[in-house]
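In this text the structure is predicted, and so the values were computed from the model without any measurement. Side chains included, hydrogens not; waters and symmetry mates left out as well; all remaining heavy atoms used. Residues take their numbers from the sequence shown, with the count starting at 1.
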Amino acid sequence: MNTSEYGVPFPLGAKRTSSGWNFAVYSHAPVCALIIAPLQNPSDITTHALDPYKNRSGSIWHAFVPSSDNELLYAYKVGEHLLIDPYAK
């Protein structure tokens, strides 16, 4: 698994910045991972384990992933469930 930077809890959803992507989702789950693949190469999947002490603020999980990709496919793994972002636009 890859590691990610802390990120920020708001805005919820995925937000592109000049140097990567910030992800934030509301969940009470004790464990969360972020699964990402570039839209141009969806077989290049990376999993980012989120640290509950660094990547969680209250009930919001958040992470920043450096990336030059303008479009990503992503989901959250919460427990045994794979979740599509409810805040996706």
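Side-chain polar atoms of Thr46 and Asp44 form no donor-acceptor pair below 3.5 angstrom.
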Would you check, one step at a time, whether the test side chain to side chain contact (heavy atoms under 4.5 Å, CB included) holds for Ile45 with Ile36? CA-CA 6 Å; Ile45 298 169; Ile36 300 174; over 6 Å; no
Apply the test ring-ring contact (aromatic ring centres under 6.0 Å, His included) to residues Tyr26 and His28: give CA-CA distance (whole Å), side-chain angles for both, the deciding distance (0.1 Å), then the verdict. CA-CA 7 Å; Tyr26 180 89; His28 290 289; 5.2 Å; yes
Dump the intermediate steps for side chain to side chain contact (heavy atoms under 4.5 Å, CB included) on Arg16 and Asn70, then the final yes or no. CA-CA 8 Å; Arg16 177 81 170 109; Asn70 287 323; 3.5 Å; yes
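Tyr6 and Tyr76 end up in different hydrophobic clusters when Ile, Leu, Val, Met, Phe, Trp and Tyr side chains are linked at under 4.5 Å. Under a hydrophobic clustering in which Ile, Leu, Val, Met, Phe, Trp and Tyr are joined whenever their side-chain heavy atoms come within less than 4.5 Å, directly or via other members, Leu12 and Trp61 fall into the same cluster. By the criterion of side-chain heavy atoms lying less than 4.5 angstrom apart, applied directly or through intervening Ile, Leu, Val, Met, Phe, Trp or Tyr residues, Leu83 is not grouped with Leu73; the two fall into different hydrophobic clusters. Val25 and Ile60 fall within the same hydrophobic cluster, defined by Ile, Leu, Val, Met, Phe, Trp and Tyr side-chain heavy atoms under 4.5 Å apart, directly or through other members. Val65 and Leu82 are not part of a single hydrophobic cluster, where members link through side-chain heavy atoms under 4.5 Å apart.
Counting heavy atoms of neighbouring residues, nucleotides and ligands inside a 6.0 Å radius, atom CD1 of Ile84 does not exceed 12 of them. A 6.0 Å sphere centred on OH of Tyr74 holds more than 12 heavy atoms belonging to other residues, nucleotides or ligands.
Nearest heavy atoms, Pro66 versus Glu5: CG-OE2, 3.4 Å. Of all heavy-atom pairs between His62 and Lys54, the closest is CE1-O, 3.7 Å. Contact between Asn22 and Gly7 at its shortest, heavy atoms only, is OD1-CA, 3.1 Å. Between Ser67 and Leu72, the closest heavy-atom pair is OG-CD2, 4.4 Å. Heavy atoms only, all atoms of each residue included: Ala24 and Pro9 are closest at CB-O, 3.4 Å. Closest approach of Thr47 to Ala33, counting heavy atoms only: CG2-CB, 4.2 Å.
In this pair, Trp21 and Phe23 present their aromatic rings parallel. The plane angle is below 30°, not in the 30 to 60° band.
One finds the SG atom of Cys32 at 11.0 Å from the NZ atom of Lys77 (value rounded to the nearest 0.5 Å). With rounding to the nearest 0.5 angstrom, the CG atom of Leu34 is 6.0 Å from the NE2 atom of His48.
Although no hydrogens or angles enter the test, the distance criterion places a donor-acceptor pair under 3.5 Å between the side chain of Asp85 and the main chain of Tyr87.
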